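Index from 1, following the sequence. Note that the structure is predicted; figures quoted are calculated from it, not measured.
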Amino acid sequence: MSDAIRLNIFSFTGKMRILHLSWIAFFISFLIWFNHAPLLGAIKNSLGMTNQEVNTLLILNVALTIPARIIIGMLVDKFGPRVVYTALLFCASFPCFLFAWAESFEQLAIARFFLGGIGAGFVIGIRMVSEWFPAKQVGVAEGIYGGWGNFGSAAAAMFLPALALLFGGDNGWRYAIGATGLLSLFYAFIYYNTVSDTPKGSTYFKPNKCGALEVTSRGDFFFYLAMKLPMFAALALLAWKLSPAGVALLPAQVVHLLYLCLLVLYGVDCYRSWVVNRVNLAAPVPEIHRYRFKQVAILSIAYFVTFGSELAVVSMLPLFFTNTFALTPVVAGLLAACFPVMNLFARPGGGWLSDRFGRRKTLALMIGGLAMGFFAMGGITSQWPVPVAVLVTVVCSFFVQAGAGAVFAVVPLVKRRITGQVAGMTGAYGNVGALSFLAVLSFVEPQTFFMVIGAVALLSLLVVQFLDEPEGSMAEVLPDGTVHMIEMA
């Protein structure tokens, strides 16, 4: 590895200290976000839930993250990652406690819905890391942040079933989940007192206006409005899932009201986007300050299939291994952890390959491998030897995580002052993907579910071919009005 992109991961000073503290925050957020997945069997038995209710919990877990990542992206650009991450970790602990002591499916569902908000923590660290690392290191740094933080879901699968057994009794799962809430509450105070938003003497660039993503041309504005539609459609899908046609958690009248609210919210959101961008739409933006929104759209679609598939598979894999191979929850959880555990190596690897060999080329390679991996997983049956099934899962997981790392090797190079919002929209599409794939899972067998992901990946591979390779410099305006150029290569 060249000196330009070599990082001393054993250092805990300067920018590496910020990186380590941030991935730990992300690790905790993912630990909480997926603390239910390896314990679903115990939770289901404890509260007498149906399979349809279990699938609904999986969907609810990723639903709120869609708007949360958009909102958190705006907040982090406005207020900085230190304050926003602290607030998120603090607030997330309370629905975690509610979930741990729920006595009915309805209580579980409400708590799980609000716990989905902690998945937005990823966006915060993306902005923090981009402030501390130069372009030649940002891919691998973001990969370490995302990959090691994502390991929180693997840690949940590996350790929470054993922790529940250690506590023992019918309430073991409750104590295990409650412990993760305490951890989040404790680390919120640590993070606030140990990090800063930028290196000393650096400027934290903020968007000119908040409330919507800034675009720099009329064509991009309408493209932006179109890209918002799938996010609202995903929330409408969730409402349908909760209707009498789904799990009947909500009456038909309430669901129809939700549909109307989503339609109104989309209209308000479009109006707010126009308010934020009307100056840019009234007159051409100087070339030096422009960026192409198609970059954001392509990255969002790529993340739909990379991170979207990761979230969906991590949510269902322990139960899939349990049912397919008649394994105990502890063994199934350990085997299922092989999927997210690849984050430790693959996501930083995807970022490093992007820094070294090109961002579009690396992303295309990873998505192609992802497609082939899921087609292979679609063939897993109870007749397969368990080690072979695990090997196929690990190989597929490598391309999934490396692909996600390759996406976020590009995100910080779109436009610095709106990095949080770009990360928010890209990240939200990951949750749209997860919700969409989990909705498919509720209608088909797991093997068909894997095949569907592979087919969608091939479509996204075509879209990625239109991504522009970041090069040259991006311009940002300092508080005194002078223009500062930030290298992108």
Side-chain angles (χ1 to χ4, degrees), residues 66-67 69-71 73-74 76-78 123 126-127 130 135 138 205-233 265-304 359-360 363 407-429 432 460 462-479 481-489:
I66 297 171
R69 287 192 167 188
I70 299 295
I71 295 168
M74 296 177 187
V76 74
D77 284 341
K78 178 71 174 179
V123 174
I126 290 296
R127 180 70 196 257
S130 72
V138 76
F205 294 104
K206 298 181 179 181
N208 297 326
K209 295 181 180 180
C210 287
L213 186 68
E214 293 178 39
V215 294
T216 55
S217 73
R218 290 188 179 184
D220 280 355
F221 176 71
F222 291 108
F223 195 0
Y224 173 44
L225 298 187
M227 286 295 293
K228 288 175 175 285
L229 281 171
M231 293 186 283
F232 285 89
L265 283 174
Y266 178 70
V268 172
D269 196 21
C270 290
Y271 173 75
R272 183 59 188 165
S273 299
W274 176 79
V275 170
V276 168
N277 287 287
R278 58 185 170 184
V279 174
N280 289 349
L281 300 176
V285 175
E287 186 66 33
I288 193 174
H289 295 303
R290 291 186 184 182
Y291 78 94
R292 304 187 71 179
F293 179 75
K294 82 164 191 179
Q295 296 287 91
V296 183
I298 293 170
L299 293 172
S300 297
I301 292 169
Y303 211 57
F304 177 99
R359 310 200 185 261
R360 182 176 61 190
L363 183 55
V407 169
F408 274 88
V410 185
V411 165
L413 304 178
V414 174
K415 195 68 175 172
R416 175 61 63 84
R417 71 175 181 272
I418 56 171
T419 295
Q421 293 176 75
V422 174
M425 185 167 195
T426 305
Y429 258 79
V432 173
S460 70
L462 296 177
V463 175
V464 167
Q465 306 310 311
F466 296 95
L467 184 72
D468 293 333
E469 187 73 24
E471 56 185 8
S473 304
M474 73 175 83
E476 293 293 356
V477 180
L478 294 168
T482 58
V483 176
H484 178 67
M485 304 302 294
I486 302 172
E487 295 296 324
M488 291 197 293

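A search for ring pair (Phe, Tyr, Trp, His ring centres under 6.0 Å) contacts involving F223 returns F293, not counting sequence neighbours. For K78, there are no salt bridge (charged side-chain N to carboxylate O under 4.0 Å, His left out) partners at least two apart in sequence or on another chain. Under the salt bridge (charged side-chain N to carboxylate O under 4.0 Å, His left out) criterion, R127 pairs with D77, E131, not counting sequence neighbours. Checked against salt bridge (charged side-chain N to carboxylate O under 4.0 Å, His left out), R290 has the following partners two or more places apart in sequence or in another chain: E287. For F408, the ring pair (Phe, Tyr, Trp, His ring centres under 6.0 Å) partners at least two apart in sequence or on another chain are F122, Y303. Applying the salt bridge (charged side-chain N to carboxylate O under 4.0 Å, His left out) criterion to D220, with sequence neighbours excluded, gives no partner residue.
For R359 (side chain) and E469 (main-chain N/O), no donor-acceptor pair under 3.5 Å exists by modelled atom type. Checking side-chain atoms of E214 against main-chain N and O of V276 turns up no donor-acceptor pair under 3.5 Å. When atom types are taken as modelled, the side chain of N277 and the backbone of S217 share no donor-acceptor pair closer than 3.5 angstrom. A donor-acceptor contact shorter than 3.5 Å links the side chain of R69 to the backbone of G427. Although no hydrogens or angles enter the test, the distance criterion places no donor-acceptor pair under 3.5 Å between the side chain of Y429 and the main chain of A302.
Between I301 and V464, the closest side-chain pair of non-hydrogen atoms is not below 4.5 Å. A heavy-atom distance below 4.5 Å is not found between the side chains of M74 and I71. Side-chain atoms of N280 and V215, non-hydrogen and from C-beta on, never get closer than 4.5 Å to each other. Put simply, the side chain of W274 does not reach to within 4.5 Å of the side chain of L225, judged on heavy atoms. Residues T216 and F221 fail the side-chain proximity criterion, which asks for heavy atoms closer than 4.5 Å.
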Between K228 and I70, is a side-chain contact (heavy atoms from CB on, under 4.5 Å) present by the stated rule, with each step listed? CA-CA 10 Å; K228 288 175 175 285; I70 299 295; 5.8 Å; no
The test is side-chain contact (heavy atoms from CB on, under 4.5 Å); show your working for T426 and V123 and say whether it passes. CA-CA 9 Å; T426 305; V123 174; over 6 Å; no
Output, in order, the C-alpha distance, side-chain angles, deciding distance and verdict of side-chain contact (heavy atoms from CB on, under 4.5 Å) for L363 and V410. CA-CA 10 Å; L363 183 55; V410 185; 5.7 Å; no
CA sep, side-chain torsions, deciding dist, call: K294, D468, side-chain contact (heavy atoms from CB on, under 4.5 Å): CA-CA 9 Å; K294 82 164 191 179; D468 293 333; 3.2 Å; yes
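Considering every non-hydrogen atom in both A428 and I66, the closest pair reads CB-O, 3.4 Å. Across all their heavy atoms, S130 and T419 have their closest contact at OG-CG2, 4.0 Å.
Taking OH from Y224 and OG from S273, the interatomic distance works out to 4.0 Å, rounded to the nearest 0.5 Å. Note: R272 CZ to L265 CG = 14.5 Å, rounded to the nearest 0.5 Å. Expressed to the nearest 0.5 Å, how far CZ of F232 lies from CG of D269 amounts to 4.5 Å.
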